[in-house]
Number of protein chains: 2
Amino acid sequence: MGRNKTYKKDEVLEKALELFWRKGYEGTHLQDLVTHTGLNRFSLYKEFGGKDGLFHEVFELYVGRVTGFLSVLTKEPQGLSTIIKFFKSLNVSFFLHGCFLINSLSEKFLIQEKTYQKALDWTKKFDQALEMNLKISRDSGEIRDDITNESIKNFLIALDSGIAVMAINHPQKDVDMVVTLIDVFLQSLKK
Amino acid sequence: MGRNKTYKKDEVLEKALELFWRKGYEGTHLQDLVTHTGLNRFSLYKEFGGKDGLFHEVFELYVGRVTGFLSVLTKEPQGLSTIIKFFKSLNVSFFLHGCFLINSLSEKFLIQEKTYQKALDWTKKFDQALEMNLKISRDSGEIRDDITNESIKNFLIALDSGIAVMAINHPQKDVDMVVTLIDVFLQSLKK
DNA sequence: CTTATTTATCACCTATCGTTCTGAAATCAA
DNA sequence: TTGATTTCAGAACGATAGGTGATAAATAAG
């Protein structure tokens with residue numbers, strides 16, 4: 001009963017993601033959201049509770065997706081070979097406007113605390129996924145003894161962030177080059 | 001003649017840099033600037049022509065500093081050994097709030113065009129500084145033939161960006177680990 | 001001391017922010 | 001058709017944004 005909604009929630013979230021991702025939380029104004037999502041102000045507040053609530057759901061959508069990427073690392077962890085598989089799966093389109101998580105770091109005091117926590121959760125998961133695979137290769141005696149798993153992990157985290165930044169204004173070709181050299185690097189870690 | 005200024009321009013720029021760097025252009029409000037720099041609104045407009053003018057001078061200050069970092073690469077370029085020297089010179093304090101250049105990418109339509117151009121200029125310089133050193137090692141036959149200079153360059157650019165991001169919420173120790181492995185990586189590039 | 005000049009203070013301007021409210025339009029049950 | 005319910009469209013709200021103005025205070029030359 002009652003009038004029908006003229007918007008589809010998932011379409012609204014998709015469009016809002018594009019805006020928040022590209023222009024940030026404060027940089028995305030309510031009028032932008034109203035104009036581009038087609039959602040009117042009344043419904044925005046009814047459906048999401050406000051700008052911060054919409055941002056939170058948008059953030060969850062994004063985190064869900066990048067968490068999906070991690071399945072490459074967690075589903076059948078086999079060590080270094082799995083790690084290179086993960087980096088090969090990276091596509092610039094995932095980082096059209098950089099990494100939404102990284103971008104939002106500077107606005108952590110503007111967004112809800114639980115939203116920021118989602119970013120930390122993902123970081124933790126990525127961390128553990130890398131550790132898991134490194135442990136496998138380490139235990140099998142594959143990795144040089146003079147290099148610690150922690151340092152390899154940090155190196156790979158830096159590379160992942162770096163690729164996200166690079167993807168903003170570099171073509172896929174450049175990212176592919178980086179991934180190729182990650183392979184070279186991982187090979188050099190072997191005994 | 002006339003009343004003395006109660007502020008020192010370099011101190012104002014220093015404080016404004018901290019604000020813009022941490023909270024971004026739009027995220028830094030005039031009131032923040034007035035409160036933290038001690039500069040009153042009148043003088044801010046007289047001295048810098050407005051918020052965007054102040055931002056530009058602040059940006060120039062930062063770019064000048066990070067351009068200084070590049071001297072390690074350009075002063076006595078000796079190839080791979082110089083490149084590792086550059087990365088060893090990186091300190092988390094340079095990236096307290098990430099890389100100001102990277103942070104500002106998402107606000108390129110809010111700041112002056114010439115300001116954004118400064119960021120592109122630095123990128124170009126970094127690019128060339130890396131190329132120069134890689135060429136030296138390449139010409140001396142130091143580097144494996146199956147790996148191009150361009151791919152190494154992209155790899156190092158990704159690492160640099162990644163370290164900048166990492167430095168936001170990681171201790172120097174973690175960055176040091178990454179740099180140590182960059183050494184390992186560069187060694188693996190040799191014939 | 002007077003006067004010209006520069007800066008400081010702070011009230012004030014318009015525009016826009018996020019948010020709320022109002023009344024019309026649409027939908028469905030009775 | 002009526003009435004209850006829900007959404008729509010957009011006006012209106014208070015707060016604050018960036019920017020400007022008028023006036024007082026400080027300085028230095030004459």
Side-chain angles (χ1 to χ4, degrees), chain A residues 1-13 15-59 104 106-116, chain B residues 1-13 15-59 104 106-116:
Chain A
M1 186 175 185
R3 190 171 175 172
N4 292 333
K5 297 177 180 178
T6 58
Y7 61 91
K8 292 175 188 166
K9 187 168 176 179
D10 53 347
E11 287 177 0
V12 168
L13 288 174
K15 210 71 188 72
L17 170 59
E18 203 276 328
L19 288 170
F20 280 129
W21 190 2
R22 177 159 54 87
K23 317 211 303 179
Y25 178 73
E26 191 165 24
T28 302
H29 303 155
L30 228 66
Q31 195 50 52
D32 294 332
L33 292 166
V34 169
T35 304
H36 291 92
T37 65
L39 185 63
N40 61 75
R41 288 162 116 89
F42 174 87
S43 301
L44 193 154
Y45 279 83
K46 181 113 194 267
E47 184 86 48
F48 302 102
K51 186 184 176 184
D52 58 346
L54 172 56
F55 186 85
H56 183 75
E57 287 212 30
V58 163
F59 203 79
S104 302
S106 64
E107 303 194 283
K108 77 162 162 173
F109 294 115
L110 301 176
I111 62 182
Q112 294 177 2
E113 208 175 316
K114 65 177 181 180
T115 307
Y116 180 69
Chain B
M1 184 175 188
R3 188 169 175 173
N4 292 334
K5 297 177 180 178
T6 57
Y7 61 90
K8 291 177 189 164
K9 189 170 175 178
D10 54 344
E11 287 177 1
V12 168
L13 288 174
K15 211 69 190 73
L17 169 59
E18 202 275 329
L19 288 170
F20 279 130
W21 189 2
R22 177 159 52 88
K23 317 208 310 177
Y25 179 74
E26 190 165 23
T28 302
H29 304 151
L30 269 182
Q31 196 50 53
D32 294 332
L33 292 166
V34 169
T35 304
H36 291 91
T37 64
L39 186 62
N40 58 77
R41 284 169 181 239
F42 173 87
S43 301
L44 194 153
Y45 279 83
K46 183 115 193 270
E47 183 87 48
F48 303 102
K51 186 184 175 183
D52 57 348
L54 173 57
F55 185 84
H56 182 74
E57 286 212 32
V58 163
F59 203 78
S104 303
S106 63
E107 302 193 283
K108 77 161 159 173
F109 295 114
L110 300 176
I111 62 182
Q112 295 178 2
E113 208 175 317
K114 65 177 182 180
T115 307
Y116 180 68

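In what follows, chains carry the letters A, B, and so on, assigned in the order in which the sequence lines appear, proteins first and then strands, with residues in each chain numbered from 1.
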Q.
Lys23(A): which residues meet the salt bridge (Lys or Arg N to Asp or Glu O under 4.0 Å) condition with it, sequence neighbours left out?
A.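 Lys23(A) satisfies salt bridge (Lys or Arg N to Asp or Glu O under 4.0 Å) with Asp32(A) once adjacent residues are dropped.
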Q) For Arg22(A), which residues count as a salt bridge (Lys or Arg N to Asp or Glu O under 4.0 Å) partner, sequence neighbours excluded? A)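 Only Glu18(A) meet the salt bridge (Lys or Arg N to Asp or Glu O under 4.0 Å) criterion with Arg22(A).
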Which residues satisfy the side chain to side chain contact (heavy atoms under 4.5 Å, CB included) test with [X], sequence neighbours excluded?
X         : result
Leu110(A) : Tyr25(A), Glu26(A), Glu107(A)
Arg41(B)  : Leu30(B), Gln31(B), Val34(B)
Lys46(B)  : Phe42(B)
Tyr116(B) : Leu105(B), Lys108(B), Ile111(B), Leu120(B)

(Q) Listing request: all salt bridge (charged side-chain N to carboxylate O under 4.0 Å, His left out) pairs with a residue in residues 48-59 of chain A, at least two apart in sequence or in separate chains. (A)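 For residues 48-59 of chain A: Lys9(A)-Glu57(A).
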Q. How far apart are the closest heavy atoms of Phe48(B) and Leu54(B), and which atoms are they?
A.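 What the structure gives for the nearest pair is CB-N, 3.6 Å.
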Q.
If you compare all heavy atoms of Gly50(B) against all heavy atoms of Tyr45(B), which two are closest, and at what distance to 0.1 Å?
A.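 In this case the closest contact between Gly50(B) and Tyr45(B) is CA-CE2, 3.4 Å.
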Do [X] and [Y] have side-chain heavy atoms sitting under 4.5 Å apart?
X        : Y         : result
Leu33(B) : Thr28(B)  : yes
Phe59(B) : Gln112(B) : no
Val58(B) : Trp21(B)  : no

Q) Starting at the 5' end of DNA chain D and moving along, which residue's nearest nucleotide shows up first, Tyr7(A) or Asn4(B)? A)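 Closer to the 5' end of DNA chain D: Tyr7(A).
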Q) What residues in residues 41-49 of chain A put a non-hydrogen atom under 4.0 Å from any atom of DNA chain C? A)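 The answer is Arg41(A), Tyr45(A).
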Q | Interface residues of residues 29-39 of chain A with DNA chain C (non-hydrogen, below 4.0 angstrom) | A |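 Those residues whose heavy atoms fall under 4.0 Å from DNA chain C, taken from residues 29-39 of chain A in numerical order, are His29(A), Leu30(A).
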**Q.** Along DNA chain D, first and last positions that approach a heavy atom of chain A under 4.0 Å
**A.**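 Taking any atom under 4.0 Å from a heavy atom of chain A, the span is dG3(D) to dA9(D).
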**Q.** Qualifying residues under side-chain hydrogen bond (donor to acceptor under 3.5 Å, both in side chains), relative to Thr37(A), sequence neighbours excluded
**A.**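 Applying side-chain hydrogen bond (donor to acceptor under 3.5 Å, both in side chains) to Thr37(A) gives none.
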**Q.** Touch class at under 4.0 angstrom, heavy-atom based, for Asn40(B) against every strand present
**A.**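 Since a base atom lies under 4.0 Å of Asn40(B), the category is base.
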**Q.** 5' to 3' contact window, DNA chain C with chain A (heavy-atom distance under 4.0 Å)
**A.**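 The footprint of chain A covers dC17(C) to dC28(C).
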